[in-house]
Amino acid sequence: METSISVLCLVLVALMFVSPVPISGVPSFCDSTPYPETCKSAYLSNTEYTKFPISSKSDFLKWSLKHTLDQSYKSWKNAYSLGPKCRNPREKVAWNDCVQLYGLILEKLNKTVDPTSGCTSEDRQTWLSSTLTYIETCKDSFHDIGITDNVMPLVHDQELANLICNNLAVNNGFYPAPAYTNGFPNWISRRDRKLLQSASPTANVVVAQDGSGNFKTVSAAVASAPGSGRYTIHVKAGTYSENVQVSKKNIMLIGDGIGKTIITGSKSVGGGSTTFNSATVGITGDGFIARGITFRNTAGAAKHQAVALRSGSDLSVFYQCSFEGFQDTLYVLSNRQFYRECDISGTVDFIFGNAAVVIQNCNLYAHNTPTHTNTLTAQGRTDPNQNTGISIHQCTVAAASDYQSSVKTYLGRPWKEYSRTVFMKTVLGSLIQPAGWYPWSGDFALKTLYYGEFANTGPGSSTANRVKWGGVHSNMSPADASKFTVGGLLGGGSWISASGAPFIAGL
């Protein structure tokens, strides 16, 4: 008996030296995460931990990201395998969304662990934020078609979401405050600046309905892009009735101006689509740029969610464009986005999503609506460590020509638990209700949201009668407001400076 015990002790001692860090050490890192049990279970069940000498928080993050990537691949395979189980065409549409979204999760997580990607802690926080958004968006697609009983049981969904939340929390400690700069954030090349400024841009291909260009449809021109390097498409004046999907990177669409070059569609949730799939133009390829184009969805208010443009393009710019629709006009889905001198119109939640987005020097127009209630924004942050939010900076909010006095319009409402939206130095018309903000459902998110106002003007700007929710900041300080500028929210000093679109980095 004594011999057996001695042998067992020797084995245990040996095992302690095989591991690069005592098993009890890693759970101590796990204890600082939002979901420690998910973290500990992942570590103790993963034999690959021996490949990662975990002696620091940085080592722990590397291991955790690698494990999360492995889990995301399992989730993608599981999502893909469930296709044959979809019982009707609408379920198939939602399933297609999920397969695409889980593919995007894989893509972003791959970039976070790829040593050649040049990934900064800011990039990592952005891409992790987007992956969590994509999980939520998959669920939302099934909700759109009326399925809320977990008929799409993606086995690793909650586990994957928990792992991503843990990574967001850990990486947040490495995420410095973005630097401020004057001029443009420098994420676009000098050549792109010239293209944005040029009245007659030199393009790789031309789209023209009369046959005078290389293509007659925008979709055909996008398909012709090689997928590497900037590819500029001049879309001549005309109305292009098509649904365009842009998955390739570094596409630039140059139109002939708002109301002249128009891309239009009419998909909607009321018409059998999902919100994600209803977009007239849907963009997933990073580095997208557009100038002088109207993006339109004509489904109408009665068809509910009907997106004119959906963007998940990281480091994207929209300059002198318009976005026309009713409910859910502009879907700022994920990643870093900048809008300048654009017109955005709609009714319910007509700017929504979970990107880190600054909308600057733009016009926001509220239409008449059969619900008699408009909300300009519905921001979708689900985790307090996501570096996302909607910032409306130096814009004008006004009533569209069809607006009726019986309609009540609010700055926004909390779509998700940590919804975050600010209005800064913006002219708020008399259509804005004195309460300012509108609840989603009961007291949901009223304490966890962050809604701010800073130095707004106009008849709707008085904060005297704003709602008194815990998360409302009706009179932000300049220091707090600076966090939501292009320099603060987007880290803009590092990526727009060479763009041709004008730009204000600070307040």
Side-chain angles (χ1 to χ4, degrees), residues 68-86 89-112 126-145 147-148 150-165 167-168 243-249 267 269 273-286 288 305 307 309-314 316 328 330-337 352-357 379-383 386 388 415-416:
T68 305
L69 174 61
D70 293 342
Q71 287 299 104
S72 73
Y73 179 66
K74 293 177 183 177
S75 293
W76 176 84
K77 285 200 332 184
N78 188 62
Y80 191 84
S81 70
L82 292 173
K85 298 179 183 178
C86 294
R90 294 200 75 192
E91 285 188 7
K92 200 79 170 179
V93 170
W95 171 75
N96 279 325
D97 288 356
C98 288
V99 171
Q100 182 178 353
L101 289 160
Y102 273 84
L104 293 172
I105 291 171
L106 273 171
E107 176 189 321
K108 293 303 181 187
L109 288 176
N110 262 311
K111 289 179 72 173
T112 66
T126 296
W127 299 337
L128 287 169
S129 295
S130 70
T131 60
L132 194 59
T133 299
Y134 298 149
I135 292 174
E136 283 294 312
T137 307
C138 169
K139 296 175 183 176
D140 289 339
S141 287
F142 276 89
H143 185 271
D144 285 344
I145 63 172
I147 297 175
T148 58
N150 296 320
V151 73
M152 185 73 173
L154 299 176
V155 173
H156 298 283
D157 250 8
Q158 195 55 55
E159 181 180 358
L160 180 60
N162 291 353
L163 288 169
I164 293 170
C165 290
N167 289 324
L168 280 166
N243 289 89
V244 182
Q245 299 298 318
V246 182
S247 59
K248 295 179 180 180
K249 298 178 182 178
K267 284 186 171 184
V269 169
S273 182
T274 61
T275 303
F276 181 86
N277 189 253
S278 72
T280 299
V281 176
I283 306 157
T284 56
D286 293 342
F288 180 86
Q305 299 96 317
V307 175
L309 180 129
R310 183 198 74 237
S311 178
S313 174
D314 196 20
S316 54
D328 290 7
L330 177 58
Y331 193 174
V332 288
L333 173 64
S334 58
N335 295 303
R336 292 162 286 193
Q337 306 180 28
F352 77 109
N354 196 27
V357 54
Q379 206 280 331
R381 195 168 64 135
T382 60
D383 184 279
Q386 287 180 304
T388 56
W415 182 29
K416 303 290 183 180

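Keep in mind that this is a model prediction, so the values were computed, not measured.
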| request: Give a yes or no on whether Lys92 atom NZ has more than 12 heavy-atom contacts from other residues, nucleotides or ligands under 6.0 Å away. | output: yes
| Is a donor on one side and an acceptor on the other found under 3.5 Å between the side chain of Trp95 and the backbone of Ala79? | yes
| What's the spacing between Ser72 OG and Leu160 CG if we round to 0.5 Å? | 6.0 Å
| message | Determine whether Asn96 and Gln100 satisfy the following criterion, side-chain hydrogen bond (donor to acceptor under 3.5 Å, both in side chains), listing intermediate values before the conclusion. | response | CA-CA 6 Å; Asn96 279 325; Gln100 182 178 353; over 6 Å; no
| Can you tell me how far the SG atom of Cys98 sits from the CZ atom of Phe276, to the nearest 0.5 Å? | 9.5 Å
| query | Has the side chain of Glu91 got a donor or acceptor atom that lies under 3.5 Å from a matching backbone atom of Val93? | reply | no
| task | Starting from the C-alpha separation in whole Å, work towards a yes-or-no answer on salt bridge (Lys or Arg N to Asp or Glu O under 4.0 Å) for Asp140 and Lys416. | result | CA-CA 11 Å; Asp140 289 339; Lys416 303 290 183 180; 3.2 Å; yes
| task | Kindly determine whether Asn335 and Thr126 satisfy side-chain hydrogen bond (donor to acceptor under 3.5 Å, both in side chains), including the steps that lead there. | result | CA-CA 6 Å; Asn335 295 303; Thr126 296; 5.9 Å; no
| query | Got Gln386 and Leu168 here, is their nearest side-chain heavy-atom distance under 4.5 Å? | reply | yes
| query | Would Val332 and Leu330 count as a side-chain contact (heavy atoms from CB on, under 4.5 Å) if you check the C-alpha gap in whole Å, the side-chain angles of each, and the deciding distance to 0.1 Å? | reply | CA-CA 6 Å; Val332 288; Leu330 177 58; 4.0 Å; yes
| message | Quick check: closest heavy atoms across Asn243 and Ala279, and the distance to 0.1 Å? | response | ND2-O, 3.2 Å
| Do you know which two heavy atoms are closest between Ser316 and Gln337, and how far apart they sit? | OG-CG, 3.4 Å
| Counting distance only, does the side-chain N/O of Ser334 pair as donor-acceptor with the main-chain N or O of Ser130 below 3.5 Å? | no
| said: Determine whether Phe288 and Val246 satisfy the following criterion, side-chain contact (heavy atoms from CB on, under 4.5 Å), listing intermediate values before the conclusion. | reply: CA-CA 9 Å; Phe288 180 86; Val246 182; 4.1 Å; yes
| query | When rounded to the nearest 0.5 angstrom, what is the spacing between OG in Ser129 and CZ in Arg336? | reply | 10.0 Å
| Donor-acceptor contact present, side-chain Asn354 to main-chain Leu333, <3.5 Å | no
| Is there a donor in the side chain of Asn167 and an acceptor in the side chain of Thr68, or the other way round, less than 3.5 Å apart? | yes
| task | Examine distances only and state if a side-chain atom of Glu136 and a backbone atom of Thr382 form a donor-acceptor pair shorter than 3.5 Å. | result | no
| field | Chi angles and distances behind the side-chain contact (heavy atoms from CB on, under 4.5 Å) call for Leu309, Tyr331 | value | CA-CA 6 Å; Leu309 180 129; Tyr331 193 174; over 6 Å; no
| Could you state the interatomic distance from OH (Tyr73) to CG (Leu106), rounded to the nearest 0.5 Å? | 8.5 Å
| field | Expected output: side-chain Thr274 to main-chain Asn277 donor-acceptor under 3.5 Å | value | yes
| task | Measure the CD1-OG1 distance between Ile164 and Thr131 for me, rounded to the nearest 0.5 Å. | result | 3.5 Å
| request: Output yes when a side-chain donor or acceptor of Asn78 lies under 3.5 Å from a complementary backbone atom of Lys74, and no otherwise. | output: no
| task | Given side-chain contact (heavy atoms from CB on, under 4.5 Å), test Val307 with Phe352 step by step and report yes or no. | result | CA-CA 10 Å; Val307 175; Phe352 77 109; 4.1 Å; yes
| note | Output for pair (Leu132 CG, Leu128 CG), nearest 0.5 Å, gives 9.0 Å
| Ionic contact status for Asp328 with Arg310, cut-off 4.0 Å | no
| said: Tell me whether Asp286 is salt-bridged to Lys111, with the criterion being a basic N under 4.0 Å from an acidic carboxylate O. | reply: yes
| Would you find a donor on one side and an acceptor on the other, under 3.5 Å apart, between the side chain of Ser273 and the backbone of Val269? | no
| For Thr275, which of Asp144, Thr137, Asp97 qualifies under side-chain hydrogen bond (donor to acceptor under 3.5 Å, both in side chains)? | Asp144
